[in-house]
Amino acid sequence: MTVTAEAYVLESPKTPLVRRPLQIPAPGPAEAIVEVIACGLCHTDLGYADGSVPTKKGTPLVLGHEAVGRVVAAGKDYESLTGSTVLVPAVLPCGDCSFCKAGRGNACPNQKMPGNDIDGGFSTHFLVPARPLIKIGAGLAANVASLSVVADAVSTAYQAILRANLAEGDVAVVIGAGGVGGFVAQIASALGARVVACDIIAERLQLIANYGASETINLVNLDPKELRKQIRAFAKGVPTLKYKIFECSGSAAGQVTAYGLLERAATLLQVGYTPNKIELRLSNLMAFDATIHGTWGCPPEVYPGVLRLIEEGKVKLDPFIAYGPMSKVNDYLADMAAHKLERRMVMDPRT
Ligand SMILES: [Zn+2]
Ligand SMILES: [Zn+2]
């Protein structure tokens with residue numbers, strides 16, 4: 001079965017996405033065609049669209065790596081998926097290499113990212129590898145569109161938390177509480193950590209105070225020593241080996257702040273991205289016997305854990321999402337560039 005999709009195509013960087021028909025070929029044995037119910041708009045999409053981040057496939061390219069949809073056709077190895085509602089992870093590992101077999105599929109060298117390596121979800125339909133697709137159970141059927149943000153923002157937060165070995169009673173310090181950082185705060189709290197969220201935007205801190213953060217700290221004009229004092233006061237009685245610091249700001253300033261909070265046997269997770277460099281004394285790691293982990297995406301096999309937290313109502317998506325038609329995607333990209341989007345946009349390609 002082939003499908004003619006209506007796709008929003010980046011013809012070349014720095015030009016608006018163009019809606020046009022796109023022929024989707026019949027799926028190969030291990031592929032599936034997903035009819036998109038909703039696709040989230042991520043800051044990375046803006047980077048691709050404005051040319052500041054090159055895409056692996058080049059252009060023309062359909063962007064979008066936060067899709068949820070329904071399998072309308074699948075190759076012979078995955079025919080049983082046809083008709084299922086599925087989440088398409090933002091990182092699609094091969095499943096066969098030594099990285100995948102070691103449970104490190106998110107670092108798979110053969111991974112495909114929709115809207116980067118292959119055409120993505122800003123379309124009525126798209127073609128994806130079938131193996132990594134995550135089936136959505138009946139318990140989550142009430143608001144399938146909202147789950148699109150799990151494909152990247154929420155699952156990236158969850159994987160960072162798993163990578164940190166976060167446990168009940170830990171203190172989670174979140175630097176940058178928007179987007180991924182907000183979900184880190186919620187999930188860490190759902191798993192029994194005490195969360196302090198730090199940001200430079202007061203509105204974000206107010207929101208996250210209702211969804212996981214026990215304490216919020218506004219970093220504007222705050223001296224690093226004073227911040228350290230406030231974190232220690234918050235974590236009173238908890239040994240520093242239970243400090244889990246999540247750098248989610250994607251800024252050099254946030255990285256400096258996060259690194260400055262490392263203490264004896266503490267753990268720092270680098271979640272955000274910035275091309276900018278910082279200067280630091282790496283020997284602090286040695287002196288503190290501390291740990292820094294990088295973290296990228298999320299392997300498909302751990303998605304069910306975070307979906308369970310959502311199904312149980314322990315992690316809320318809707319307060320952080322706004323819904324809109326995909327026909328307005330260029331407006332949303334412009335709003336995002338102007339820092340006017342306060343919530344994550346979830347777009348319906350049929351409207
Ligand atoms: Zn993303
Ligand atoms: Zn692999």
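Side chains included, hydrogens not; waters and symmetry mates left out as well; all remaining heavy atoms used. Read the numbers this way: they start at 1 and go in the same order the structure lists the ligands and their atoms.
One of the N, O or S atoms belonging to Cys42 lies under 2.8 Å away from the Zn ion (ligand 1).
Counting heavy atoms from C-beta on, the side chains of Val86 and Arg70 never come closer than 4.5 Å.
No more than 12 heavy atoms of other residues, nucleotides or ligands sit less than 6.0 Å from atom CZ of Arg264.
Between the SG atom of Cys97 and the SG atom of Cys100, the angle taken at the Zn ion (ligand 2) works out to 110° after rounding to 10°.
Taking the six-membered ring where the residue is Trp, the centroids of Phe320 and Tyr211 are separated by under 6.0 Å.
With respect to the Zn ion (ligand 1), Asp152 has OD2 as its nearest N, O or S atom.
The main-chain N or O of Glu6 is never found under 3.5 Å from a side-chain atom of Arg20 such that the two would form a donor-acceptor pair.
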